[in-house]
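Below is one structure, written out as structure tokens; the observations come after it.
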Amino acid sequence: MLANDSQLKRGIQAGLPIALGYFPIAIAFGALAGQAQLSWLEAVLMSCLVFAGASQFVGVSLLLAGTGYLQIIAATFFLNMRHLIMSLAVNDQMRGFPPAWKRGLSFFITDETFALLTLGEGENSPPRTAAFIAGLMITAYLGWVSGTLVGGLSAGFIPAQITTGMTVGLYGLFIGLLVPAAKKSRPFAVIAVLSMVINWGLGHWVESGWSVVLATVLAAGVGVLIIGGEE
Amino acid sequence: MKILLLILGMALVTYLPRLLPAIFLDRFQFPAWFQTWLKSIPYAALGALIFPGVLLVDKEQPLIGLLGGAAALGLSLLNLHITLVMAGSICTVLLFQYFFV
């Protein structure tokens with residue numbers, strides 16, 4: 001087992017791609033928040049306390065549309081139900097950590113930190129120590145918060161096309177994590193493709209926040225049927 | 001000032017689903033099928049996060065997102081580092097946006 005210092009360093013390295021992916025999107029968020037009459041300080045505060053990209057974009061967009069606070073909070077809650085499932089998988093890796101650490105680190109669970117912690121390979125999959133996970137999550141967090149600050153202060157100066165083009169970076173992250181992992185196991189590859197199909201199909205009937213949750217739960221359920229309970 | 005209430009409310013309902021498993025997961029002994037289900041979650045979640053969302057990268061032109069995703073797929077099949085996969089998909093999208101929009 002490596003010393004805590006180097007575990008922390010490896011966590012920071014593993015978190016860097018996420019932070020780089022967050023940065024331009026957070027700039028776009030900071031700029032949008034400005035349009036919704038949030039000061040740069042309020043935008044940064046939201047990024048610090050909420051730390052959930054999709055929720056923040058939806059929240060600020062609804063604010064722009066004149067939606068009431070309670071409705072915005074309710075929409076945020078439902079949009080984040082997928083984090084409940086992701087947190088199950090991440091906390092499965094944190095069994096045995098002190099309870100306070102688990103509760104603290106769980107705050108930083110996002111689609112991206114979850115993806116890296118569960119599917120990361122090679123240098124991204126050392127033994128799961130609190131130092132590694134903390135380094136990864138704090139790095140991602142700083143990328144999001146600092147991007148919001150830049151976007152809030154420079155609202156309007158950065159062409160929107162560049163930041164929208166860069167949103168594909170996080171899809172690159174997801175694909176770059178999923179493909180090498182799925183290549184090694186046919187059942188898991190089948191589950192991933194099945195989940196895409198279910199999500200696409202359900203997307204015609206329910207809101208995208210729910211279709212992601214349902215597709216994940218259902219496709220993973222089919223995984224149990226394919227693989228069985230022994231693994 | 002009122003906006004602080006909204007931020008705090010959003011913070012609360014975002015943290016809650018992240019927190020619950022941290023409190024409850026250790027207290028139960030789960031059957032083997034649940035462990036398999038947990039292990040399948042990352043693959044299922046990533047599949048759903050990628051598609052069809054990637055088509056919405058450029059909301060007017062689904063093809064742009066598709067090309068960015070295809071670039072990422074090609075690069076990740078070569079086992080390149082994740083940062084390069086991300087950079088490749090971003091460059092692809094910026095390039096096509098520059099030429100076609």
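A, B, ... follow the sequence lines: proteins, then strands. Residue 1 opens every chain. Just the heavy atoms: all of them, side chains too, but no hydrogens, waters or symmetry mates, feed the values below.
For B/K59, no part lies near chain A; criterion is any non-hydrogen pair under 4.5 Å. Heavy-atom distances place both the backbone and the side chain of B/L77 under 4.5 Å from chain A. Only the side chain of A/L38 comes within less than 4.5 Å of a heavy atom of chain B; its backbone N, CA, C and O stay farther away. In this structure, the portions of B/V57 lying under 4.5 Å from any heavy atom of chain A include both its backbone and its side chain. The contact between B/F30 and chain A is made entirely by side chain atoms (from C-beta outward), counting heavy-atom distances below 4.5 Å. When heavy atoms are compared at a cutoff of 4.5 Å, A/F114 approaches chain B solely by way of its side chain, counted from C-beta outward. For B/L4, the part lying under 4.5 angstrom from a heavy atom of chain A is the side chain only. Heavy-atom distances place the side chain of A/L119, and not its backbone, under 4.5 Å from chain B. Contact of A/A74 with chain B is not made at all, since no heavy-atom distance falls under 4.5 Å.
Between the side chain of A/R82 and the backbone N or O of B/A45, no donor-acceptor pair lies under 3.5 Å. Side-chain N or O atoms of A/S195 include one that pairs as donor or acceptor with a backbone N or O of B/A44 at under 3.5 Å. The closest donor-acceptor contact from the side chain of A/Q93 to the backbone of A/L117 lies under 3.5 Å.
Counting heavy-atom pairs under 4.5 Å between each of B/G53, B/G68, B/P31, B/G65 and chain A puts B/G53 at the top. Contact tally against chain B (heavy-atom pairs below 4.5 Å) for A/G203, A/A219, A/G96, A/A181: the top residue is A/A181. Contacts with chain B were tallied for A/V197, A/L16, A/V179; A/V179 has the most, counting heavy-atom pairs under 4.5 Å. Most heavy-atom pairs under 4.5 Å with chain A, from the set B/L38, B/L80, B/L25: that is B/L25. Chosen from A/L70, A/T118, A/L116, the residue pairing most often with chain B at heavy-atom distances under 4.5 Å is A/T118. Options A/G223, A/G169, A/G221 differ in how many heavy-atom pairs under 4.5 Å they form with chain B, and the most are formed by A/G169. Highest contact tally toward chain A, considering only B/L46, B/L5, B/L75, B/V85, is held by B/L46 [criterion: heavy-atom pairs under 4.5 Å]. Of the listed residues B/C91, B/G69, B/S76, the one with more heavy-atom pairs under 4.5 angstrom with chain A than any other is B/S76. Ranked by heavy-atom pairs under 4.5 Å with chain A, the list B/T83, B/V93, B/I50 is led by B/I50.
None of A/W200, A/Y171, A/F174 except one satisfies the side chain to side chain contact (heavy atoms under 4.5 Å, CB included) rule with B/F51; the exception is A/W200.
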Kindly list each side-chain donor-acceptor pair under 3.5 angstrom involving residues 12-23 of chain B, sequence neighbours excluded, with atom names and distances?
| from | atom 1 | to | atom 2 | distance (Å) |
| --- | --- | --- | --- | --- |
| B/T14 | OG1 | A/N80 | ND2 | 3.2 |
| B/T14 | OG1 | B/M10 | O | 2.5 |
| B/Y15 | OH | A/R103 | O | 2.5 |
| B/R18 | NE | A/I109 | O | 2.7 |
| B/R18 | NH1 | A/V50 | O | 3.1 |
| B/R18 | NH1 | A/F107 | O | 2.9 |
| B/R18 | NH2 | A/F51 | O | 2.6 |
| B/R18 | NH2 | A/I109 | O | 3.1 |

In residues 209-217 of chain A, what donor-acceptor pairs under 3.5 Å come from side-chain atoms, sequence neighbours left out?
| from | atom 1 | to | atom 2 | distance (Å) |
| --- | --- | --- | --- | --- |
| A/S211 | OG | A/N199 | OD1 | 2.8 |
| A/S211 | OG | A/S208 | O | 3.2 |
| A/T216 | OG1 | A/V212 | O | 2.7 |

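Against chain B, the residues from residues 55-65 of chain A that qualify, each with a non-hydrogen atom under 4.5 angstrom away, are A/S55, A/Q56, A/G59, A/L63 in number order.
Closest approach of B/A71 and B/T92 over heavy atoms only: CB-OG1, 3.3 Å. Residues A/G172 and B/I82 share a closest heavy-atom pair of O-CD1, 4.5 Å. In terms of heavy-atom proximity, A/Y22 sits nearest to A/G143 at CB-C, 4.3 Å.
With 3.5 Å as the limit, one finds no donor-acceptor pair spanning the side chains of B/Y43 and A/S185.
The number of heavy atoms from other shown groups lying within 6.0 Å of CD (A/E121) is above 12. Surrounding CZ of A/R186 are at most 12 heavy atoms belonging to other residues, nucleotides or ligands under 6.0 Å away.
If you look at A/Y141 and A/W144, their ring centroids are not closer than 6.0 Å.
Counting only heavy atoms from C-beta outward, the side chains of A/Y69 and B/K2 approach each other to under 4.5 Å.
A search for side chain to side chain donor-acceptor pair (under 3.5 Å) contacts involving A/N91 returns A/S87, A/S106, not counting sequence neighbours.
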